[in-house]
Amino acid sequence: MRAVVRFGGGETNREIASALRVSERSVERWRRTLTRARRAGILSKGYPGRSRLSETQIARLERELERGPLVYGWADHWWALARIKTMIGRLFRVSCTVESTWQLLKGHGWSWQQPTRRAIERDDDAVEV
């Protein structure tokens, strides 16, 4: 968008590229796109890594997450992104990264939580004293 403002100011591609620290070819491409498609053509198209799961698959994933990790053979009661990534691969035959797993969950309202660790032998009265 800064380049668009500079286009209006009559600056050359070389001047704009230098000021914005990009290649001249990028500036040429932006100028061409602006000429053809107006301002809407140069707006961001958003995050390129779109979800590889359909809405139906995401709904199933959420149901499976509610069942808990014990059902899938893990020994404790907490989900980790690596575990969810593995589960997605097993259920849907889709390979994804831990980061894309987090983006998928965050985009559907899941939040990061860390369990509070308490000793089984904890004596609340002694702690209070």
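Computed from a predicted structure; not experimentally measured.
Judged by distance alone, with hydrogens and angles left aside, the side-chain atoms of Thr101 form a donor-acceptor pair with the main-chain N or O of Thr97 at under 3.5 Å. Judged purely by atom type and a 3.5 angstrom limit, Thr86 uses its side chain to pair as donor or acceptor with the backbone of Ala82.
By the 6.0 Å and 45° rule, Arg25 does not stack over the aromatic ring of Trp30.
Here the side chains of Arg2 and Ile16 are not in contact, with every heavy-atom distance at 4.5 Å or above.
Atoms CG and CG, on Leu53 and Leu104 in that order, are 5.5 Å from each other to the nearest 0.5 Å. The CZ atom of Phe92 sits 7.5 Å away from atom OG of Ser54, with the distance rounded to the nearest 0.5 Å. With rounding to the nearest 0.5 Å, the separation of CG in Leu20 from CZ in Arg6 is 5.5 Å. Expressed to the nearest 0.5 Å, how far CZ of Arg32 lies from CZ of Arg29 amounts to 8.0 Å. Atom NZ in Lys85 sits 5.5 Å away from atom OG in Ser95 (nearest 0.5 Å).
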His108/Glu55 under side-chain contact (heavy atoms from CB on, under 4.5 Å): CA gap, chis, key distance, verdict: CA-CA 10 Å; His108 284 85; Glu55 290 301 319; 3.9 Å; yes

Stepwise, does the side-chain contact (heavy atoms from CB on, under 4.5 Å) test hold for Val27 with Phe7? CA-CA 10 Å; Val27 177; Phe7 292 155; 3.8 Å; yes

Dump the intermediate steps for side-chain contact (heavy atoms from CB on, under 4.5 Å) on Leu81 and Leu105, then the final yes or no. CA-CA 9 Å; Leu81 288 173; Leu105 294 174; 3.9 Å; yes

Stepwise side-chain contact (heavy atoms from CB on, under 4.5 Å) check, Glu15 with Ser18: CA-CA 5 Å; Glu15 292 169 336; Ser18 176; 5.9 Å; no

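Taking both residues in full, the closest heavy atoms of Arg83 and Pro69 are given as NH1-CB, 4.3 Å, listed atom of the first, atom of the second, then distance. Listed here is the closest heavy atom pair of Glu11 and Arg31: O-NH2, 3.1 Å. Scanning both residues, Asn13 and Glu24, for their nearest heavy atoms gives O-CG, 4.3 Å.
Under the rule for a side-chain hydrogen bond (donor to acceptor under 3.5 Å, both in side chains), Asp123 has no partner lying at least two apart in sequence or in another chain.
Evaluation of the side chain to side chain donor-acceptor pair (under 3.5 Å) test over residues 60-73, restricted to residues two or more places apart or in two chains, returns Glu62-Trp110, Glu64-Arg67, Glu64-Tyr72.
Val5 is not connected to Leu34 by any chain of hydrophobic side-chain contacts under 4.5 Å among Ile, Leu, Val, Met, Phe, Trp and Tyr, and they are in different clusters. Hydrophobic cluster membership differs between Trp79 and Leu70, with clusters built from Ile, Leu, Val, Met, Phe, Trp and Tyr side chains linked at under 4.5 angstrom.
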